[in-house]
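The figures that follow rest on heavy atoms only: side chains count, while hydrogens, waters and symmetry mates do not. First the proteins, then the strands, lettered A, B, ... as listed; each starts at 1.
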Amino acid sequence: MSAPQEHSGASLAFHIEGLTKVYEMGDVLVHALRGVTLDLYEGEFVVLLGPSGSGKSTLVNILGGLDNATAGSVNFRGEDLTDEDESALTKFRRNHVGFVFQFYNLIPSLTALENVALVTEIAIDPMTAEEALDIVNLTDRSGHFPAQMSGGEQQRVAIARAVAKRPDVLLCDEPTGALDIKTGIVVLEALKRVNETLGTLTVVITHNAAIAAMADRVIYFADGNIDRIEANDHRVDPSEISW
Amino acid sequence: MTIRNLDKKLLRELGSMKMQVLAIAMVMAAGVATFVMSFGVINSLEETRRVYYDEYRFADIFVGVKRAPETLARQFEAIPGVDRVMTRVIVGATLDVPGLAEPATAMLVSIPEGQQPDLNALHLRSGRLVEPYRENEVIIADSFADANNLREGDTLSAIISGHQRTLEVVGVALSPEFVYMIPPGALMPDNARFGVMWMGRDALEAAHDMDGAFNDAVIKIARGAQEDEIIRIIDTLTKPYGGLGAYGREHHVSDMFVRNELDQLRAMTYVVPVIFLAIAGLLLHMVLSRLVNLERGQIGVLKALGFTGFEIGLYYAKLALIIAAIGLVIGVAMGLWFGSWMAALYIEFFRFPSLQFVMSTEVFALATLISLGGALVGAIKTVRAVMKLPPAEAMRSEPPPKFKPVLIERLGLTRLLSPAGRMIFRQLERRAKRSIATSVGIAASLGVLIGAAFTIDSLDYILDVQFNQAEREDIGLTLVEAGDRQAFLDLANMPGVMQAEPYRSVPVKLKFGHRTERIAILGMQANGDMHRTLDTELTPVPLPKDGIVISENLARNLQVTVGDLLTFEALEGRRPIRNVYVSAVVQQYLGTGAYMDLSALNALMQEGPSVSGAWLKVDEAALPEFYRAVRKTPSIAGLSIRKAAMDSFKNLLAENIVQMTIANVGFAALIAFGVVYNSARISLSERARELASMRVLGFSRREISAILLGELSILIFAAIPIGYLMGYGLAAAIVVSLDTELFRIPLIIDPETYGMGGLVILVAGAISALAVRRRLDRLDLIGVLKSRE
Ligand SMILES: Nc1ncnc2c1ncn2[C@@H]1O[C@H](COP(=O)(O)OP(=O)(O)O)[C@@H](O)[C@H]1O
Ligand SMILES: [Mg+2]
């Protein structure tokens with residue numbers, strides 16, 4: 001498949017070919033991915049759209065080294081991740097990937113600052129936890145525990161935690177899925193800021209089509225494969241999105 | 001270095017489950033404490049004994065004779081391997097102790113005037129040694145002094161060899177020879193009515209007509225010398241002088257009791273701590289696996305963030321280790337505390353100059369090893385699972401548990417159960433492993449409780465058998481010398497005597513094959529009612545006209561059964577050597593015994609109707625008069641009083657065993673609480689969402705509590721019968737391990753003990769139920785429903 005290439009100058013980050021994932025559920029085989037082939041470039045902002053169960057999370061999990069594919073290959077900056085073992089994948093995640101999940105997944109017993117610092121302790125070239133919180137405009141909440149924060153605030157902490165290591169790729173699985181519009185926009189703005197200031201390749205899963213407007217490219221998913229890919233001429237600011 | 005954030009999480013989470021942490025730590029602590037305590041006490045006793053025996057030159061061989069010239073001692077010294085010999089005169093006496101209704105008896109042991117004896121030196125607690133030419137001075141044993149409030153300057157009136165003397169106490173002392181001090185032939189100390197006293201050698205020789213002679217010798221042998229051989233030579237040498245058979249420390253009463261106690265302690269050192277620690281490990285396992293389920297999402301995030309499986313596994317291992325470390329610290333502290341308390345009890349029981357509670361570093365090292373090791377074993381499965389958990393998998397919440405109709409429903413009895421009942425049973429069955437583990441944990445604590453408490457029942461039973469069934473005389477009198485029919489009649493005719501039976505006691509060596517036992521054979525009237533021999537069902541076994549009846553432990557020591565022919569070598573009178581066959585083996589829990597028909601024994605001894613004393617029933621009202629008469633009768637060497645013996649036995653129980661038992665019951669209750677509480681907390685966390693939803697649907701607090709607590713009660717009630725079985729098993733194991741030369745404890749568990757055990761478990765259950773109920777009442781409905789799980 002030849003994807004429209006807008007980033008003539010940008011270099012290839014991920015090269016994905018024939019990616020297949022089959023889950024065995026007892027006797028039933030669930031084909032979550034059916035031979036996905038895709039290139040992702042440094043610094044771009046990509047939105048993955050598609051109905052629930054179409055395989056978006058599965059793809060992102062494999063890209064981030066959380067899971068192994070059944071067949072096909074994933075190549076990151078020239079390195080083949082496909083058959084790496086758990087310790088190599090851990091290293092990959094530790095050094096290159098930032099994750100943001102729908103349900104924030106903060107450690108409840110650590111404060112905002114400590115949740116971020118958890119990562120800066122093990123990363124190679126992190127920013128400070130304070131800097132990371134500053135990117136998401138949350139320095140004033142640094143001493144709060146997750147239970148003392150709203151969902152949007154928690155998600156921003158999760159973003160700060162994800163970007164604090166200066167990742168090469170930021171993977172977000174329905175980051176606004178549990179949030180209302182207003183807070184969702186604040187979170188998206190934070191993502192945009194990260195993408196623009198740090199130049200991090202950002203992949204955002206959503207099933208909210210409106211969010212697609214803020215992306216460089218929109219990848220439509222259906223039934224375990226890419227349906228089509230659209231490039232946006234210009235990226236809409238989150239504040240202008242309505243859903 | 002600052003605390004890493006993952007460690008912060010660790011500490012905070014420990015903090016938020018502190019009750020659970022504490023409950024597990026306490027179970028662990030109970031294991032460590034019992035371990036440290038018993039090891040510490042064993043170490044202390046061994047060390048104290050070693051130092052005491054060494055410093056006070058406790059002899060190796062003990063020799064009794066009727067009367068031998070001092071020159072015989074030179075012959076002892078000439079035996080190869082003999083290092084030092086000290087001869088003595090030992091005389092029995094009856095005493096008048098101020099404030100004591102009954103006459104007391106004393107064993108007067110000679111010591112050189114003005115100096116410490118060469119062997120078996122005295123530890124003077126107060127006062128001084130006896131001085132030459134002060135022939136009424138005595139040093140008294142500290143236990144006797146304490147029991148009768150005696151001290152230097154007090155006087156005692158005594159009858160020694162038929163002569164009335166007034167003795168003056170000049171010192172109070174302890175001796176390595178009498179660490180455990182019991183009246184001759186008895187098994188329990190009676191500190192008020194029996195005591196050892198030390199008197200100048202010259203004074204005792206004069207009093208007992210022993211000029212230039214001795215009737216007792218103690219011998220120290222060179223390291224590595226052949227004790228058996230030396231004893232054999234001594235026995236040949238003493239034969240002409242009425243030798244009573246020499247023996248080594250192995251048969252020395254005091255040392256034997258100390259050894260016996262150490263053996264019993266050793267037997268108990270591992271059993272109980274291991275049970276406690278195993279339960280603690282099980283609890284840790286249960287709590288950790290629940291925690292990991294609860295934190296699957298967090299584990300996934302940590303892995304997504306780049307933490308390695310090892311780092312996260314280590315996190316949970318640390319959690320287990322911290323809990324164990326808390327238990328270890330508390331346990332060691334409790335162990336030291338209980339240990340020094342036990343040491344204090346032992347010093348009451350055994351008379352050592354001081355019993356320092358010493359702790360070897362090995363004990364600490366071992367306690368650390370087993371507690372931390374146990375924790376790791378408990379944690380290992382979970383840690384491994386955590387390490388293996390694929391990150392993407394961890395991010396999904398645990399799939400909804402698969403339920404199926406439970407057994408009762410499959411049997412078509414669904415209608416018997418309410419919806420709540422169905423919830424309870426389905427949960428129990430789905431979590432079958434954990435339900436079983438919980439019940440087994442509770443059962444084990446009940447088992448330990450019964451295993452600890454049953455000894456009191458058994459000892460009560462022994463007391464009843466010994467003093468109500470076997471030895472039923474009020475008072476036993478012993479004559480200085482064996483007497484004839486008239487001597488018996490004189491005893492029988494003393495004031496207040498309602499019934500009397502003669503007995504003959506002959507010191508003998510019983511031999512079978514190469515085995516020899518020194519024992520006194522009791523000759524009693526065949527139709528006698530005072531002393532009876534009993535079979536296992538406690539039915540009296542009539543004494544046959546010929547043959548010898550021996551106690552089961554003696555039969556075991558000699559390895560004989562009914563019909564075997566024993567060699568009987570009398571150590572007094574004409575010292576006949578005869579063969580006699582075993583006609584019956586009888587039950588006896590305290591000490592060993594050998595019994596014959598009185599006239600058969602007389603015939604065997606080639607003597608007339610000779611008696612050593614009499615057993616009497618005495619009218620209680622006439623007791624003062626009776627005692628007065630005893631004091632005036634010089635031919636009486638000593639008396640034993642059944643009631644006093646019973647009381648001293650009971651006191652002993654109350655002071656030592658009851659306290660130990662209370663401590664153990666406390667530990668067991670703690671464990672029961674730990675198990676029940678943890679299991680309730682785990683259930684609660686697992687079902688908080690479900691229960692909160694029910695509350696939202698309109699169920700009351702009571703109704704949802706009933707579900708959780710109903711589950712708990714089922715686990716507890718299921719545990720009780722299992723616990724009874726475990727208790728019985730443990731008690732049986734303890735009985736086997738406590739079966740020593742001296743004691744044999746029957747396996748008796750009173751219904752009350754079962755009842756008490758069950759009650760303790762129910763109370764522990766109720767307390768944990770209350771604690772959980774409080775949490776249930778504070779269930780945050782919205783919070784629970786909002787959270788992802
Ligand atoms: N661990 C798993 N075991 C079995 N099936 C799975 C698992 N993870 C995902 N699936 C299935 O794979 C398909 C794709 O899932 P997913 O990637 O989560 O979809 P999306 O994120 O687009 O909603 C679905 O049918 C889902 O049920
Ligand atoms: Mg998804």
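- In this structure, the portion of B:Leu302 lying under 4.5 Å from any heavy atom of chain A is its side chain and not its backbone.
- To the nearest 0.5 angstrom, B:Lys9 atom NZ is 7.0 Å from A:Leu110 atom CG.
- Heavy-atom distances place no part of A:Tyr23 under 4.5 Å from chain B, backbone and side chain included.
- Summarising the local packing, NE2 of A:His207 is surrounded by 12 or fewer heavy atoms from other residues, nucleotides or ligands at distances under 6.0 Å.
- Of all heavy-atom pairs spanning B:Ala304 and A:Phe101, the tightest one is CB-CZ, 3.9 Å.
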**Study point:** Verdict with supporting geometry, A:Ile107 and B:Lys8, side chain to side chain contact (heavy atoms under 4.5 Å, CB included)
**Key:** CA-CA 11 Å; A:Ile107 305 296; B:Lys8 269 190 213 163; over 6 Å; no

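- In terms of heavy atoms, B:Glu13 sits closest to A:Ser109 at OE2-OG, 2.6 Å.
- Here the CG atom belonging to A:Leu118 is positioned 10.0 Å from the CG atom belonging to B:Asp7, to the nearest 0.5 angstrom.
- Legend: salt bridge (charged side-chain N to carboxylate O under 4.0 Å, His left out) pairs involving residues 59-80 of chain A, not counting sequence neighbours, sorted by first then second residue: A:Lys21-A:Asp67, A:Glu42-A:Arg77, A:Arg77-A:Asp168.
- For CG of A:Asp140, the number of neighbouring non-hydrogen atoms (other residues, nucleotides, ligands) closer than 6.0 Å is greater than 12.
- For chain B, no part of A:Lys91 is nearby; none of its heavy atoms comes within less than 4.5 Å.
- Of the residues considered (A:Ser87, A:Pro108, A:Ala162), A:Pro108 shows the highest number of contacts with chain B, using heavy-atom pairs under 4.5 Å.
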Point to revise | Test log, rule side chain to side chain contact (heavy atoms under 4.5 Å, CB included), inputs B:Leu6 and A:Glu121 | key: CA-CA 10 Å; B:Leu6 206 53; A:Glu121 275 170 6; 5.7 Å; no

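- Contacts between residues 307-316 of chain B and chain A, defined by a heavy-atom separation under 4.5 Å, are made by B:Phe307, B:Thr308, B:Glu311.
- Heavy atoms only, all atoms of each residue included: B:Val301 and A:Arg161 are closest at CG1-NH2, 3.1 Å.
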